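Keep in mind the model is a prediction, meaning the values are calculated, not measured.
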Amino acid sequence: GKSNATVRIESFWRCHQPLNKEYEVVVFFRLPDGSEMSSRHLMAGWIYPTTIWRPGDIVRDTTEIAFSGPVPADFKVAISLEDYSLLFNR
C-alpha cells in the first residue's frame with residue numbers, strides 16, 4: 001500500500017512592533033491536482049506567544065504536515081499569521 005509522508009515547514013518571523021493579539025500560523029498547500037489543504041497552529045508551539053514579542057525579536061517556527069500517501073512532486077505553499085481570536089468568532 002501507499003505509505004504516508006510528512007513535510008517539515010520552517011519559517012522565521014521578525015517583530016517590528018509590539019503585538020497585543022495572539023496570532024496563529026496558517027500554512028496553505030495547493031496540490032498539483034488543484035486541491036487545497038491547510039494547517040493551523042499557535043506560534044512556536046505556544047512557547048513564545050506573539051503577545052510577548054519585542055521589536056527586533058526573530059522567532060523560528062516549525063510544523064510538520066502529514067500527507068496521506070507520498071508527498072506530491074510539485075505543490076505550492078503560502079504561510080500567513082491570523083488573529084487567533086477570530087477562529088472562534090466566525
Side-chain angles (χ1 to χ4, degrees):
K2 293 182 178 180
S3 61
N4 295 340
T6 58
V7 171
R8 179 181 213 135
I9 303 291
E10 181 178 50
S11 57
F12 293 84
W13 304 86
R14 180 184 306 266
C15 179
H16 294 284
Q17 63 187 30
L19 302 169
N20 61 359
K21 293 181 181 177
E22 186 57 50
Y23 289 89
E24 64 179 340
V25 179
V26 183
V27 181
F28 299 94
F29 288 90
R30 180 168 294 141
L31 305 177
D33 66 3
S35 64
E36 296 179 349
M37 59 186 278
S38 65
S39 172
R40 323 173 79 85
H41 64 277
L42 291 175
M43 178 61 71
W46 193 248
I47 294 169
Y48 195 51
T50 56
T51 52
I52 62 172
W53 289 12
R54 295 177 312 247
D57 284 353
I58 297 174
V59 179
R60 176 180 172 256
D61 181 74
T62 60
T63 189
E64 290 187 359
I65 308 299
F67 285 86
S68 57
V71 175
D74 184 27
F75 61 88
K76 296 181 180 178
V77 176
I79 302 173
S80 69
L81 290 182
E82 293 190 13
D83 183 342
Y84 182 67
S85 68
L86 296 179
L87 178 64
F88 300 105
N89 294 322
R90 295 182 181 169

Completion exercise
When rounded to the nearest 0.5 Å, the distance separating OG1 of Thr50 from CG of Asn20 is 9.0 Å
Handout entry: Distance (rounded to the nearest 0.5 Å) between Phe12 CZ and Asp61 CG
Key = 9.5 Å
Problem - Between OG on residue Ser80 and CZ on residue Arg40, distance to nearest 0.5 Å - result: 8.0 Å
Handout entry: ILVMFWY cluster, Leu19 and Leu42 together (side-chain gap under 4.5 Å)
Key = no
Problem - OG-CZ distance between Ser38 and Arg30, expressed to the nearest 0.5 angstrom - result: 12.0 Å
Practice task
Apply the test side-chain contact (heavy atoms from CB on, under 4.5 Å) to residues Val27 and Thr63: give CA-CA distance (whole Å), side-chain angles for both, the deciding distance (0.1 Å), then the verdict.
Solution key: CA-CA 9 Å; Val27 181; Thr63 189; 4.2 Å; yes
Exercise for the section: To the nearest 0.5 angstrom, please state how far the NE2 atom of His16 sits from the CH2 atom of Trp53. Expected result: 10.0 Å
Practice task
Take Trp13 and Ile58 through the test side-chain contact (heavy atoms from CB on, under 4.5 Å) and record every step on the way to the result.
Solution key: CA-CA 5 Å; Trp13 304 86; Ile58 297 174; over 6 Å; no
Practice task
Tell me whether Ile79 is reachable from Phe28 by hopping between hydrophobic residues (I, L, V, M, F, W, Y) whose side-chain heavy atoms are closer than 4.5 Å.
Solution key: no
Practice task
Consider only side-chain heavy atoms of I, L, V, M, F, W and Y, link residues closer than 4.5 Å, and tell whether Val59 and Tyr23 are in one cluster.
Solution key: yes
Practice task
Considering non-hydrogen atoms only, spot the tightest contact between Ala66 and Met37 and give its length.
Solution key: O-CE, 3.9 Å
Practice task
Just say parallel, tilted or perpendicular for the rings of Phe29 and Phe67, cut-offs at 30° and 60°.
Solution key: perpendicular
Fill in the blank from the handout: Hits for salt bridge (Lys or Arg N to Asp or Glu O under 4.0 Å) against Arg8, two or more places apart or cross-chain, chain-then-number order -> Glu64
